[in-house]
Amino acid sequence: ELLNCKTIAEFLCQLIGTLTLEDALFLQELEQHMSDLEEKIIKHTISDSSAQLMHIRKRLLILHSYYQQLLIREDLEENSNHFFQAEECQIFSLYASRIERLYDHSQMLREYALQIREMEQSQIDARQNRTMRILTVVTTIFFPLSLITGWYGMNFSHMPELSAPHAYGIL
């Protein structure tokens with residue numbers, strides 16, 4: 001199909017169309033996958049969410065960079081050498097708008113991935129806080145016992161209560 005183009009403008013439009021043919025559908029599927037991942041994180045039914053999220057973020061970074069490189073609207077619309085006709089520049093504008101929408105969608109998905117990562121981190125922090133609370137309670141219970149055991153476990157012959165029954169109260 002690309003080889004049957006009559007003009008360079010037609011070729012460029014076909015090329016851009018072919019490069020971005022199913023990208024909107026792909027981004028929607030990726031967004032759905034991210035939504036499913038978020039739901040699994042909330043329900044605590046997934047164990048490798050960080051690895052999956054990192055993989056998604058890398059893919060989105062590549063896509064974002066890809067669309068950024070395809071953003072050629074100003075260059076083609078400017079047509080400073082008058083290489084293209086006016087209607088060809090309008091067609092470029094349509095394709096450039098499509099690429100900008102894909103670029104914006106990929107940017108939005110990158111931000112969504114960051115929000116999911118922050119949500120996952122906040123859940124990890126909450127679990128750690130619960131663990132620390134339990135350890136604090138256990139420490140609070142056993143610290144006085146450890147202090148008493150340590151004090152009375154010493155082998156000193158000059159301890160106040162050895163010679164006088166009310167020695168601690170006087171000291």
Side-chain angles (χ1 to χ4, degrees), residues 15-75 93-171:
L15 178 64
I16 292 171
T18 302
L19 289 174
T20 61
L21 183 63
E22 296 180 4
D23 287 8
L25 180 62
F26 174 76
L27 289 174
Q28 288 173 354
E29 289 172 356
L30 190 59
E31 185 174 2
Q32 182 60 45
H33 178 65
M34 290 170 63
S35 178
D36 294 342
L37 182 63
E38 179 183 25
E39 188 174 321
K40 289 176 183 177
I41 290 171
I42 290 172
K43 293 181 179 179
H44 305 290
T45 59
I46 190 166
S47 61
D48 66 337
S49 59
S50 292
Q52 286 187 27
L53 199 54
M54 186 183 310
H55 178 70
I56 289 171
R57 290 176 67 197
K58 285 181 182 179
R59 290 173 72 182
L60 286 169
L61 183 63
I62 291 168
L63 281 172
H64 190 260
S65 175
Y66 174 69
Y67 294 133
Q68 191 174 29
Q69 292 174 6
L70 285 178
L71 287 174
I72 53 175
R73 167 178 260 172
E74 293 83 17
D75 297 336
S93 178
L94 293 174
Y95 279 105
S97 296
R98 177 186 200 180
I99 292 170
E100 283 179 8
R101 286 191 305 273
L102 291 170
Y103 177 80
D104 291 342
H105 196 177
S106 70
Q107 179 64 29
M108 186 266 311
L109 289 178
R110 288 180 67 203
E111 292 169 3
Y112 183 39
L114 184 61
Q115 290 172 354
I116 293 173
R117 176 69 182 118
E118 289 173 355
M119 180 198 63
E120 178 189 38
Q121 187 61 45
S122 69
Q123 285 187 340
I124 290 170
D125 291 344
R127 281 194 304 266
Q128 287 176 342
N129 286 340
R130 284 192 296 271
T131 303
M132 290 304 293
R133 191 175 326 139
I134 292 169
L135 289 174
T136 302
V137 169
V138 170
T139 302
T140 304
I141 291 170
F142 286 107
F143 179 71
L145 297 174
S146 298
L147 181 68
I148 292 169
T149 304
W151 183 259
Y152 286 106
M154 291 188 257
N155 293 324
F156 292 122
S157 59
H158 301 293
M159 291 181 75
E161 71 268 10
L162 292 177
S163 60
H166 302 289
Y168 280 118
I170 296 171
L171 294 175

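Just so you know, these numbers come straight off a predicted model, no measurement behind them. Only this structure's heavy atoms are used, side chains among them; waters, hydrogens and symmetry mates stay out.
With 3.5 Å as the limit, one finds no donor-acceptor pair spanning the side chains of Gln32 and Gln28. Judged purely by distance below 3.5 Å, without hydrogens or angles, the side chains of Glu38 and Tyr112 pair a donor atom with an acceptor atom.
The nearest pair of heavy atoms linking Leu37 to Gln52 is CD1-OE1, 3.4 Å.
Taking 4.5 Å as the limit, some side-chain heavy atom of Ser50 sits within range of a side-chain heavy atom of Glu120. The closest side-chain heavy-atom distance from Leu19 to Tyr66 is below 4.5 Å. Using a 4.5 Å cut-off on side-chain heavy atoms (C-beta onward), Ser97 and Arg101 make contact.
In this structure, the separation between CG on Leu135 and CD on Gln128 is 11.5 Å, given to the nearest 0.5 Å. Atom OH of residue Tyr103 and atom CG of residue Leu27 lie 13.5 Å apart, to the nearest 0.5 angstrom. Distance check: Leu60 CG to Arg110 CZ gives 7.5 Å after rounding to the nearest 0.5 Å. To the nearest 0.5 Å, the span separating CG on Leu109 from CE on Met34 amounts to 5.5 Å. To the nearest 0.5 Å, the span separating CD1 on Ile16 from CG on Leu21 amounts to 13.5 Å. If you take CG on Leu30 and CG on Leu25, they are separated by 11.0 Å, rounding to the nearest 0.5 Å.
Thr136 places a side-chain N or O within donor-acceptor distance of the main-chain N or O of Met132, the cut-off being under 3.5 Å. Side chain of Ser122 to backbone of Met119: a donor-acceptor contact under 3.5 angstrom is found.
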Next item on the list: Would you check, one step at a time, whether the test side chain to side chain contact (heavy atoms under 4.5 Å, CB included) holds for Thr139 with Val137?
Entry: CA-CA 5 Å; Thr139 302; Val137 169; over 6 Å; no
Margin query: Does Leu71 form a side chain to side chain contact (heavy atoms under 4.5 Å, CB included) with Tyr67? I'd like the steps, not just the answer.
Written below: CA-CA 6 Å; Leu71 287 174; Tyr67 294 133; 5.7 Å; no
